[in-house]
Novice: 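This structure is in structure tokens; I'll ask about it shortly.
Note that this is a predicted model, so its numbers are computed, not measured. In this chain, residues are counted from 1 in sequence order. Both counts, for ligands and for their atoms, begin at 1 and track the order of listing.
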Amino acid sequence: MLNQNLGQGRGVYISTYGCQMNVNDTERMLSLLEMVNFVPVESPDRADLIILNSCSVREKPVHKIHSEVGRYRELKEKNSSLKIGVGGCVAQQEKDKLLKDIPLLDFVFGTDAIDQLPELVARAYLSGEKQVSARFEHDRPYSVETMVRNPGISVFVNIMKGCDNFCTFCVVPYTRGRERSRDLSELVQDIRALTARGVKEVTLLGQNVNSYKSQGGENFAQLLKVIAEDTDIERIRYTTSHPKDFNQELVDISARYRSKICDYIHLPAQSGNSEVLQRMNRGYTREEYLDKVTMIRQGIPGVVLSTDLIVGFPGETEAQFEDTRTLVEQVRYDNIYAFNYSPRPFTKAARWPDQLPPEEKQRRLDILLKLQREIAFDLAKHDDGQVFDVLFERETDLKGQIQGRTTKNKIVFVDSDPTIIGQTLPVRILKAFPNVLRGEVMPSPSEVMA
Ligand code: SAM
Ligand code: SF4
Ligand code: F3S
């Protein structure tokens, strides 16, 4: 039986790397630790428990863990009760090797071991011995009620975990395990509980949300329909959708429930060249990807698209990179997330001989980023003077300024008092920058009449 006063009011500090799943996992870790009386603190020097929630998707992740833990050496020397642990994708990848390589660490826990965290911490404190728990729980059904301490207006909700796609560049199938979906009725209950706590918007999370499959056989489009119809949630977002699984049914349901399902779609292309896409094992060609873009734009006019791109994939020629550049030019995304290819452990592409030099990858990346800056600047001009429905989420650090988002995921700042937080109001855009808009709340019809 776990001691409910394990933490005795001591501080816990978590530093989070990586994607929204890790952000969500950190929130779960803090909720679980608060239940056994740890208190979240904003700075590591006030903590008796420090956790690094790690990411392994790109560039020297193990090195980052070494250097952050190294910064805590002095704290550990001053405070004998300080325990330091690593969770997340690097922990899953390296397991007990991390404990051997970084003597300052007390425990390591994998991506399927988050719910065991309080027990693991208890064992680390009580036995004084190093602890590791990093086995995948592939046989267990995936059931996970969303845990958020102060939910606010917008909350992440996991709908599935893991990935079975095995893109040849990507470590995620090895760090998050096999794909598993949550039960549909559990999800609906979860979202109802969140709306009862004042939540207005959910972002449904998964590595490949559109391969969601409920036990009853419902797919992702049908899940969206059920959430739109059977809960009071005002806005639904999701990430990430895989182009190969984006179908007409999903477009139709997004269009039908457009008042709830946000018109922003992140559709990672990774490359604009069909041969590279084949070597990446993405399951679509350039032409098929462009057909999906056309299908989405025809079905949901005005929808905003963003993407992920990798440059310098092994063997990528100048002409193949040029195809990625023209894809960006042709699609005119609102936003791109472009990365230099980074060889990852266990992955096929990391073993291929024709790796590109870092300077060449950087040159290609710079070309894409420059092009995208021009496109985004140009697109932003269209937002000037427009009126958007904005859901207001929070105060900013500037007094009297409130921040919200349009359904197209653009951040909007207005001058107002905090009473508008949680409301969706029409806002006229006074000045548009790429991804950030400044506006004024439009007066309501009754205010105009008066
Ligand atoms: N599931 C998502 C999909 O299929 O598009 C992607 C998830 S991954 C965590 C986020 C992004 O990281 C990918 O879209 C890809 O652009 C980038 N990425 C993944 N592995 C990479 C690697 N080895 N080198 C560079 N970027 C990588
Ligand atoms: Fe990685 Fe591909 Fe799975 Fe996305 S779909 S998480 S890129 S293996
Ligand atoms: Fe990183 Fe793991 Fe997310 S590798 S991007 S934290 S799934």
Side-chain angles (χ1 to χ4, degrees), residues 14-26 29 52-62 64-65 86-94 110-112 114 134 156 158-180 204-212 238-246 265-272 276-277 279-284 289 292 305-314 316 324 333 335-352 355-356 358 361-362 364-365 368:
I14 305 189
S15 74
T16 308
Y17 299 79
C19 62
Q20 291 103 325
M21 305 220 179
N22 263 16
V23 173
N24 206 18
D25 288 346
T26 289
M29 292 174 201
L52 285 69
N53 191 8
S54 63
C55 168
S56 169
V57 83
R58 280 176 293 276
E59 258 122 4
K60 303 195 178 89
V62 182
K64 284 181 193 156
I65 302 292
V86 177
C89 287
V90 179
Q92 188 64 54
Q93 177 187 306
E94 301 288 309
T111 51
D112 264 3
I114 293 171
F156 293 132
N158 282 326
I159 64 163
M160 44 129 28
K161 70 170 165 183
C163 182
D164 290 348
N165 285 322
F166 292 92
C167 300
T168 54
F169 53 82
C170 184
V171 76
V172 169
Y174 306 95
T175 62
R176 295 272 166 176
R178 297 289 58 74
E179 204 169 277
R180 279 150 295 165
L204 308 177
L205 289 183
Q207 286 303 342
N208 181 6
V209 284
N210 44 5
S211 69
Y212 172 87
Y238 55 85
T239 196
T240 299
S241 42
H242 196 301
K244 76 176 165 53
D245 299 317
F246 215 107
I265 295 170
H266 184 60
L267 198 66
Q270 311 299 357
S271 167
V276 172
L277 286 168
R279 289 194 297 120
M280 286 177 161
N281 192 31
R282 289 293 288 177
Y284 51 86
Y289 180 87
K292 299 270 168 141
L305 294 178
S306 64
T307 200
D308 289 350
L309 296 163
I310 294 178
V311 296
F313 185 71
E316 184 191 64
T324 299
Y333 299 98
N335 209 349
I336 67 167
Y337 302 87
F339 310 104
N340 289 333
Y341 168 73
S342 156
R344 309 306 320 128
F346 318 118
T347 61
K348 277 192 182 166
R351 297 194 289 272
W352 292 342
Q355 304 286 330
L356 271 74
K361 293 189 221 176
Q362 193 56 42
R364 294 180 188 186
L365 184 67
L368 281 194

Novice: Any idea which protein heavy atom is nearest atom 6 (S) of ligand 2, and the distance to it?
Specialist: Gln207 OE1, 3.5 Å
Novice: Is the backbone N or O of Lys161 less than 3.5 Å from a side-chain atom of Glu179, with the two atoms forming a donor-acceptor pair by type?
Specialist: no
Novice: Would a distance-only check, ignoring hydrogens and angles, find a side-chain to backbone donor-acceptor pair under 3.5 Å from Ser241 to Val209?
Specialist: no
Novice: Within ligand 2, which atoms have a heavy atom of Val172 less than 4.0 Å away?
Specialist: 6 (S)
Novice: In terms of residue, atom name and distance, what is the protein heavy atom nearest to atom 4 (S) of ligand 3?
Specialist: Ser56 N, 3.3 Å
Novice: Short list, please: which atoms of ligand 2 are under 4.0 Å from a heavy atom of Phe166?
Specialist: 8 (S)
Novice: Any idea which of Cys19, Cys170, Gly18 brings a heavy atom closest to atom 3 (Fe) of ligand 3?
Specialist: Cys19
Novice: Is it the case that ligand 1 has an N or O less than 3.5 angstrom from some N or O of Ile310?
Specialist: no
Novice: Can you tell me if Gln207 uses its side chain to pair, donor with acceptor, with the backbone of Gly162 under 3.5 Å?
Specialist: no
Novice: Using a strict 4.0 Å cut-off to heavy atoms of Gln207, name the atoms of ligand 3 that fall inside it.
Specialist: 7 (S)
Novice: Identify whether the distance between the nearest side-chain nitrogen and carboxylate oxygen of Asp112 and Arg180 falls below 4.0 Å.
Specialist: yes
Novice: Where the closest heavy atom to atom 4 (O) of ligand 1 is concerned, which of Arg282, Arg176, Met21 has it?
Specialist: Arg282
Novice: Keeping Asn210 on the side-chain end and His242 on the backbone end, is there a donor-acceptor pair under 3.5 Å?
Specialist: yes
Novice: Among the heavy atoms of Met21, does any lie under 4.0 Å from an atom of ligand 3?
Specialist: no
Novice: What are the two closest non-hydrogen atoms of Thr307 and Leu267, and how far apart are they?
Specialist: OG1-O, 2.7 Å
Novice: When you measure from the side chain of Thr239 to the backbone N and O of Leu205, does any donor-acceptor pair fall under 3.5 Å?
Specialist: no
Novice: For atom 8 (S) of ligand 2, grab the closest protein heavy atom and report residue, atom and distance to one decimal in Å.
Specialist: Cys167 N, 3.3 Å
Novice: Would you call the rings of His266 and Tyr337 parallel, tilted or perpendicular, where under 30° means parallel and over 60° means perpendicular?
Specialist: perpendicular
Novice: At under 4.0 Å between heavy atoms, which part of Asn22 makes contact with ligand 3: side chain, backbone, both or neither?
Specialist: side chain
Novice: Would you confirm whether Lys361, through its side chain, and Asn340, through its main-chain N or O, come within 3.5 Å as a donor-acceptor pair?
Specialist: no
Novice: For Arg58, is at least one N or O under 3.5 Å away from an N or O on ligand 1?
Specialist: yes
Novice: Please confirm if an N, O or S atom belonging to Cys55, backbone or side chain, lies less than 2.8 Å from atom 3 (Fe) of ligand 3.
Specialist: no
Novice: What protein heavy atom is closest to atom 5 (S) of ligand 2, reported as residue, atom name and distance in Å?
Specialist: Asn165 ND2, 3.3 Å
Novice: Please report the closest heavy-atom contact between Gln355 and Ala350, naming both atoms and the distance.
Specialist: NE2-O, 3.6 Å
Novice: Check each atom of ligand 2 against the heavy atoms of Pro173 and keep those under 4.0 Å away; list them by number with element.
Specialist: 8 (S)
Novice: Output the list of atoms in ligand 3 that are nearer than 4.0 Å to some heavy atom of Cys89, sorted by atom number.
Specialist: 2 (Fe), 4 (S), 6 (S), 7 (S)
Novice: Taking only heavy atoms of Asn340, which atoms of ligand 1 are found under 4.0 Å from at least one of them?
Specialist: 24 (N), 25 (C)
Novice: Could you check Thr175 against Ser56 for side chain to side chain donor-acceptor pair (under 3.5 Å), going step by step and ending with a plain yes or no?
Specialist: CA-CA 8 Å; Thr175 62; Ser56 169; 6.0 Å; no
Novice: Which is closest to atom 9 (C) of ligand 1 by heavy-atom distance: Thr307, Thr347, Val57, Thr240?
Specialist: Val57
Novice: What protein heavy atom is closest to atom 1 (Fe) of ligand 2, reported as residue, atom name and distance in Å?
Specialist: Cys170 SG, 2.3 Å
Novice: How close does the nearest protein non-hydrogen atom get to atom 3 (Fe) of ligand 2, and which residue and atom is it?
Specialist: Cys163 SG, 2.2 Å
Novice: Any nitrogen or oxygen of Gln207, main chain or side chain, under 3.5 Å from a nitrogen or oxygen of ligand 1?
Specialist: yes
Novice: Touching ligand 3 at all, Gly88? Heavy atoms, strictly under 4.0 Å?
Specialist: no
Novice: Would you call Arg176 a ligand 2 contact, heavy-atom distance under 4.0 Å?
Specialist: no
Novice: Do any nitrogen or oxygen atoms of Asn208 come within less than 3.5 Å of a nitrogen or oxygen of ligand 1?
Specialist: no
Novice: Does Asp308 reach ligand 1 with a nitrogen or oxygen that is under 3.5 Å from one of the ligand's nitrogen or oxygen atoms?
Specialist: yes
Novice: Does any N, O or S atom of His242, backbone or side chain, fall under 2.8 Å from atom 3 (Fe) of ligand 2?
Specialist: no
Novice: Please work out, at 4.0 Å between heavy atoms, whether the side chain, the backbone, both, or neither of Phe339 comes within that distance of ligand 1.
Specialist: side chain
Novice: Which heavy atom of Cys163 sits nearest to which heavy atom of Arg178, and what is that distance?
Specialist: O-NH2, 2.8 Å
Novice: Distance to 0.1 Å, residue and atom name: give those for the protein heavy atom nearest to atom 15 (C) of ligand 1.
Specialist: Gln270 OE1, 3.4 Å
Novice: Go through ligand 2 atom by atom and flag the ones less than 4.0 Å from a non-hydrogen atom of Phe169.
Specialist: 7 (S)
Novice: Determine, using heavy atoms of Val171 and all atoms of ligand 1, whether some pair is separated by less than 4.0 Å.
Specialist: no
Novice: Would you say ligand 1 has an N or O under 3.5 Å from any N or O of Arg344?
Specialist: no
Novice: Got a donor-acceptor contact below 3.5 angstrom from the Thr168 side chain to the Arg279 backbone?
Specialist: yes
Novice: Donor-acceptor pair, Asn22 side chain versus Ser54 backbone, under 3.5 Å?
Specialist: yes
Novice: On the 0 to 90° scale, with breaks at 30° and 60°, tag the Phe313-Trp352 ring pair as parallel, tilted or perpendicular.
Specialist: perpendicular
Novice: Okay, side chain of Asn281, backbone of Asn165: is any donor-acceptor separation there less than 3.5 Å?
Specialist: yes
Novice: Looking at Tyr17 and Pro61, would you say the former's side chain and the latter's main chain have a donor-acceptor pair under 3.5 Å?
Specialist: no
